[in-house]
Amino acid sequence: VNLPDITVPFTEVPTRFRSFPIVAGGGVTFGDLTLTFIIDEELKNYYSIHEWIRLNGASEEHFNAANIDYTNGQLHILTSNYNNQFIIDFQNLFPVSLSEISFDAGVSDIDYFTAQVVFKFTGYTFKDKDFVDL
């Protein structure tokens with residue numbers, strides 16, 4: 001998993017000596033939340049994301065923005081003892097991309113199937129290990 005980037009739009013104001021960057025306004029922009037996961041034997045986790053994307057995409061019916069299925073999610077950053085250190089709380093997550101599954105009969109070692117899912121979201125906040133906003 002990655003912690004997405006955050007950017008703010010800016011403009012450069014030219015002066016006689018050099019240009020100065022200033023915040024142009026308009027809010028911030030977040031990058032994508034990309035998650036790589038191991039696919040279980042019954043494909044349940046892969047299939048559930050697959051269906052979530054199909055339902056949000058309204059591929060079998062006319063698009064209705066009110067039907068988009070958002071959720072909130074958390075990324076727990078752990079210590080070396082597997083205890084919570086920080087929590088990243090994502091608001092209004094929804095998947096936009098799910099990678100392929102490559103079946104390869106030529107692999108000799110045990111190799112777990114993995115897939116990648118990309119989420120869009122409206123924002124995220126940091127919390128401490130006791131779920132208090134930082």
- prompt: Is it true that F131 and L134 fall in one hydrophobic cluster, defined by side-chain heavy atoms closer than 4.5 Å?
  reply: no

message: When you compare the side chain of W52 with that of T71, does any pair of heavy atoms fall below 4.5 Å?
response: yes

message: Within the structure provided, determine whether Y46 and L98 are in side-chain contact (heavy-atom separation under 4.5 Å).
response: yes

Side-chain heavy-atom pair F20, T15 within 4.5 angstrom cut-off: yes

field: Criterion side chain to side chain contact (heavy atoms under 4.5 Å, CB included) on L3 and I88, from CA distance to verdict
entry: CA-CA 9 Å; L3 183 58; I88 314 297; 3.9 Å; yes

message: Any non-hydrogen side-chain atom of L75 less than 4.5 Å from a side-chain atom of V1?
response: yes

statement: Of all heavy-atom pairs linking P9 and G27, the shortest is CD-O, 2.9 Å

Check: P4 main-chain N/O paired with D32 side-chain donor or acceptor under 3.5 Å: no

query: Side chains of L93 and N72: closer than 4.5 Å at any heavy-atom pair?
result: no

- request: Please check if atom OH in Y47 has more than 12 non-hydrogen atoms from other residues, nucleotides or ligands closer than 6.0 Å.
  value: no

- request: Would you mind telling me which of Y70, F126, F121 makes a ring-ring contact (aromatic ring centres under 6.0 Å, His included) with F90?
  value: F121

Nearest heavy-atom neighbours spanning N84 and K129: O-CB, 3.2 Å

task: Would you check if I39 and L43 make a side-chain contact, meaning some heavy-atom pair closer than 4.5 Å?
output: yes

Same apolar cluster (I L V M F W Y, side chains within < 4.5 Å links), I101/V117: yes

message: How long is the straight-line distance from OH of Y112 back to CD of E41, given to the nearest 0.5 Å?
response: 9.5 Å

query: Of the non-hydrogen atoms in D128 and I87, which two are nearest, and what is the gap between them?
result: O-CD1, 3.1 Å

- request: Carefully, step by step, assess F113 and F103 under the rule ring-ring contact (aromatic ring centres under 6.0 Å, His included).
  value: CA-CA 8 Å; F113 290 117; F103 296 102; 5.1 Å; yes

- prompt: Any side-chain heavy atom of N56 sitting closer than 4.5 Å to one from P95?
  reply: yes

message: Please tell me whether V23 and I6 are part of a single hydrophobic cluster in this structure, the criterion being side-chain heavy atoms less than 4.5 Å apart.
response: yes

- request: For Q91 and D89, indicate whether the former's side chain and the latter's backbone hold a donor-acceptor pair under 3.5 Å.
  value: yes

statement: When rounded to the nearest 0.5 Å, the distance separating NE2 of H76 from CD of Q85 is 13.0 Å

L33 vs N2 side-chain heavy atoms within contact, under 4.5 Å: yes

field: Nearest heavy atoms of T122 and F30, plus distance in Å
entry: O-CE1, 3.3 Å

S19 versus P21, closest heavy-atom pair with distance: O-CD, 3.9 Å

- prompt: Would you say the side-chain atoms of D130 pair up with the backbone N or O of V132, donor to acceptor, closer than 3.5 Å?
  reply: no

